Amino acid sequence: MMRKEKLFRGTASALAGLLAVSIFGRSIAEDYKNYIDAALGTVSSEIVTSDDEDISTADLYTYQSQYKSSQELVDADKALGTKVGEEGTVLLKNNNGALPLSSSDHVSLLGNAAYSAQLGGAIGSAPADNSALGYAPVQLADALAEVGMDINPSLQSAFESWLPNTAQGPASGSYWLGMNFAPVSEAAAWESYEPGLDTLEENTADCTKDYGTYTDAAIVVLSRVNAEGSNMTPGNVNADDFTLSENKNPLSLSDKEKALIKNAKENADKVIVLLNANNPLELGELNETGGEYEADAIVWIGTPGVWGMRGVANVLSGSASPSGKTVDTFASNSALAPAAVNSDVYWYTNTDEISIADGTAYMGYTYTDGTGSAESLRAVAYEVEAEGIYTGYKYYETRYYDTLVSDGLGDSEGAKSSVGAGGSSWNYDDEVCYSFGYGLSYAEFTQTIQSLDVDLDTQTVTAEVEVVRSSDDGYAGEAKDVVQLYVQSPYTQYDVENKVEKSAIQLLDYEKTEALAPGESTTVTITADMKYMASYDYTNAKTYILDDGEYYFAIGNGAHDALNNVLAAQGVDRVDGDASLAETWTNDTFDNTTFAVSENGTAITNQLDDADLNYYQEDTVTYLTRSDWDGTWPTEYSEENGNQLSATEEMIKELRNRTYEVQKDSSITTTWGTDSGLTLSSLKDADFDDERWQYLLEEITIEEAIEIIERGGGTTETLDSIQNPRAPQSDGPNGFNGSSIGQNTSTVVAYDGTMITIEEDDPNRGYNFGTMANAPVIAATFSKTIAEEIGRHYGEEALWCGNSIIWGTCGQLHRNAYGGRMHEYYSEDAMLTCFMNQKVIEGSREMGLINGPKHLAFNNTEYCRYGLSTFMNEQAARENELRGFQGGFEDGGALGVMGGYNRVGVTYCNAHTGLMQSILRGEWGFKGILSTDMGDHIYMQSLAECVAAGTTMVANSADSYTADGKIWAYANASEIAGDSDFLEILQQNMKYQWYAYANSNLMNGTNENSYVVDVMTWWRVLFLALIAVSAILLAGSVAGYAAVSFRRRNTSGQSETKDRK
Amino acid sequence: MLKNKALGFYYSCAGAALGIAAMVLYLFNISNAYFADSVSAAVVVCSVLAALMLLAYIALAKTGRKKKEVEFLRGLMPAAATFCFFAALMSFLGTRVYSMAIIYGSSLEANNTAAQSAMAQAVTALVLYLMAGIAAIAAAYSKIEKEE
């Protein structure tokens, strides 16, 4: 009896445990159903559309695929990836026609990356591995073998057996194997993993035995890794903080890399160096004539994606001519640039004052358990961009110009001084290896300006440039060329007096030619928008100005070449320029009105005063000016220099993230929770001004609106009120990274109306789309056509994986050469970034995909990026990074954007009304989804402030924080019911959100009769069954236990009675 | 005094101790700067209730022998404690699934030692809850006192 009692008791306990796991597990599963669906291939909700005999199914699909099978799509993916790799390859040096090689050459490949290159980022935009489906990523050795070259087998074998020794990342990240340096973080130091021939020989005997046969060329591949959340550290700034086994500068060549090059020179007829790195390496030693590391050819390939190496091989073998151009300046020592001065991480001295003590009520919330600490508020670090506008070539070329021209307002003596120089004085040729926009071709082209017209009425500059391909350049294949139009604006006394800085040369626009055969020619017409040559005067006019004076427009092979042409036109005879390649235009009167209004008629004025540290602490920052290079050279705001920043009281208020006071007693002007019978599908493809929007918005309840904004990460869920289809998001920008064919949809409609079903056994089901080259390679193509094609291709990916949003392009710039996330941003130049971003967005929109650029704005440092205070002046903000974003909104019509983790000044990006409401939504007319970066920084990503600034989604996917006692409790419907301002903006934000979705592929297959139903997936059935079974068995066990227990007691009672008797 | 104690006594004590240890670790974990969560009442209440029920399971052993109703209710306590421990475990897990996926399932926080140690602490707490639940089940299958 006793044994049975224990058995029932124990079984009841086990079943109680199972019941708890089932009940709470089900709840967790429902919270993460989109992830579960993605992993298991299930669909937990679907759209049901009532039959309408007048409309065919295909007609319900506004966005249709141009492919009729998954195989066609995969083939297109490979072809586009190859093309981008090909056109994004930049030939930097080609002595004595070292390239192209012959496809029958016998070549030796040296370096880890020759066999396991960085094809994408190590973290963020990592390359997809579809090996399981038979689509293994293509490495250089594979690609060269495919074009017919013979690869040194003993070296290949030796390197491939060495590669496991370099493993640093997660086991699944095979691409980490090829990296030569690990990214900087608190946990990892820079370390070179290149083996060197000695180590290689120790590891693999006879690894050099085939050298004698494979002597046509040696290709040495140098690689650097990029990763989200990390930065490289400049060579001479705080290098001692990090352990580096060989050199302290991650951009220079390590000793082992140099040893490989030396060895290659000793064993091959020519040495080709490939740069598998997005950060511009320092290449002086490779260019030193007669030097022991001199390379015959240098080719930049960046991180070319899963298929891009095929394009690289096409260029190396000569079946394609290189047509890419550099996206960054290759400096001799990047640490000497002014933007490198403040590139470490600096902490406020008074983080204790920023912190809110445990138990303290602040803005209605009592912080406990360290949640109010400066760390938790993400309010500890800052960065001062004292270089102003002088980043990238704007610095190098402007300083170069000022060293040559002494009769202007530029500080010629200061320009030549030793400040920021590698030697005792600054000399361009010593400081720069390759300029921005530079690249060689196997073919020879001549460009001539046919005409150039400036029209202030239409605000355009139209240049017609004839491009002629030589008939006897020795290259038989077709080749493309790039026409780059630059402008030099006058640097005037007004500018000096009002702190308006001018780059001596600036890219205005560009176009790539079609492929030209020997002897062919074409005329390229560039119509540039003059708004991009206006300067922002943040101190006096407080808007864009066009100075009076002489403007020079020039074409050239890069910024330096174009500037030399301007100099030649100005009569400076010490440069290698061609005056005929520059044209002039005179603006007679100073103009502070034409560009003071945006394209949608919004007045443009200062919105970012508080991004300037001087706003809070007068005269703290001296911004670099070309009128005094020496005297205004940036200072590092650091403890070592004794000028580490302390946050003032006013700054602390912002750093604590809570500034919005919820009103309690205003009269309500908005309506919520009505039933007008409309669903989101009713407004499919509707205009923003459609009056039905108001009826739809009024159907949404306050609770629903809060829920949509609060839990905007991962997926936008269905609201009962408007029956919107679920909208999963995906990250990019190298395609739908982590999303795959058939993931969230099983049907696609092709261009001819054919309904295609993605079968369970489709051989390409699960093909992951993160295959595209990284942003710098895309930008290096200098091809707007390719950018648009990529945007359209992402749109196709969206149709085949069933997603509507991708964070798949970027407007950020490469502020300096040390960014850990350079692989996700196009370039150091605003205009190249602007057009690439815009064209990718345009292509995506054509396919109904919401492609949101990231990270608006100034997320210039990855390490310690959370809540980093970023200080700059408004001219630098608008003419550099914001210009990189601008075209995507004003001209590209973007319907989504992601904010940065950082702060604009001391205000969290998504809560900065000047940036998000006045510039983004006001000046640029953005009417779409504004998301934060990934959530879980709830004490910084403060809901009310974000909503007030126009944020439509806080990318939090985890817990809800609006319940009583939580940080966003004020956003509870009952709490905000008395705040008419908040409710108005909440409803407005809802309109932006739903307008974007209504005009996207999310509406595919819907009409006004569509509604959303939950689907009983097998995992839902499993949970319910587990709950039911465990509950029934538990009840049975308890009953059994009761029966046995009471029977035993009764029996025992009877025995006792008997005994007494 | 302990001479008379059977395995169930030790399992119950262990379960209660493990549950309280898990809860303390949980409280440390939510106040960790990386997570900085507010306290979940479900986790704390379930942990405390479960521990109390296991202690009551021991304490009422003698009384239970005299009153069958008390003994019946006492016999259900390990089951209730198990339910509570697993409820606490799953509630806590629910708040960490997302971070767990990022920290262990991606490389995003690969070099973030704060994230790694915070998650290791969370996993330790979850394992302690699991052990507490198993101890409660084991206690249910065992006697508290040898002569029981």
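The basis for the numbers below is simple: all heavy atoms, side chains too, and nothing from hydrogens, waters or symmetry mates. Model, not experiment: these values are computed from the prediction. Residue numbers start from 1 in every chain, and the chains themselves are labelled A, B, ... in the order their sequence lines are given, proteins ahead of strands.
- Of the listed residues (B:A139, B:A87, B:G133), the greatest number of heavy-atom pairs within a distance under 4.5 Å of chain A belongs to B:A87.
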Quick one, A:Y1041 with B:F72, criterion ring pair (Phe, Tyr, Trp, His ring centres under 6.0 Å). Give me CA distance, side-chain angles, the key distance, then yes/no. CA-CA 8 Å; A:Y1041 170 67; B:F72 171 67; 5.6 Å; yes
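- When heavy atoms are compared at a cutoff of 4.5 Å, A:S27 does not approach chain B at all.
- Minimum interatomic distance between A:Y32 and B:G94 (heavy atoms only, all atoms of both residues): OH-O, 3.8 Å.
- Nearest heavy-atom pair across A:S13 and B:P78 is OG-C, 3.3 Å.
- Taking CZ of B:F86 as the start and CG of A:L19 as the end, the distance is 12.0 Å to the nearest 0.5 Å.
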Could you go step by step and tell me if A:E5 and B:K143 meet the side-chain contact (heavy atoms from CB on, under 4.5 Å) rule? CA-CA 10 Å; A:E5 196 173 289; B:K143 290 189 295 186; over 6 Å; no
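- The shortest heavy-atom contact between B:V97 and A:I28 is CG2-CG2, 3.9 Å.
- Annotation: side chain of A:L7 is in contact with side chain of B:Y141 (closest heavy-atom distance under 4.5 Å).
- By the 6.0 Å contact criterion, OH on A:Y362 is enclosed, its count of non-hydrogen atoms from other residues, nucleotides or ligands being greater than 12.
- Put simply, of A:I23, A:L1034, A:T11, A:L15, the one with the most heavy-atom pairs under 4.5 Å next to chain B is A:T11.
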Apply side-chain contact (heavy atoms from CB on, under 4.5 Å) to residues B:V39 and A:D369 and explain how you reach the verdict. CA-CA 9 Å; B:V39 182; A:D369 303 317; 4.2 Å; yes
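- Residues A:R9 and B:Y57 are in side-chain contact: their nearest non-hydrogen atoms beyond the backbone lie under 4.5 Å apart.
- Note that CZ of A:F24 and CG of B:L89 are 10.5 Å apart. Values are rounded to the nearest 0.5 Å.
- The shortest heavy-atom contact between A:V21 and B:M90 is O-CE, 3.8 Å.
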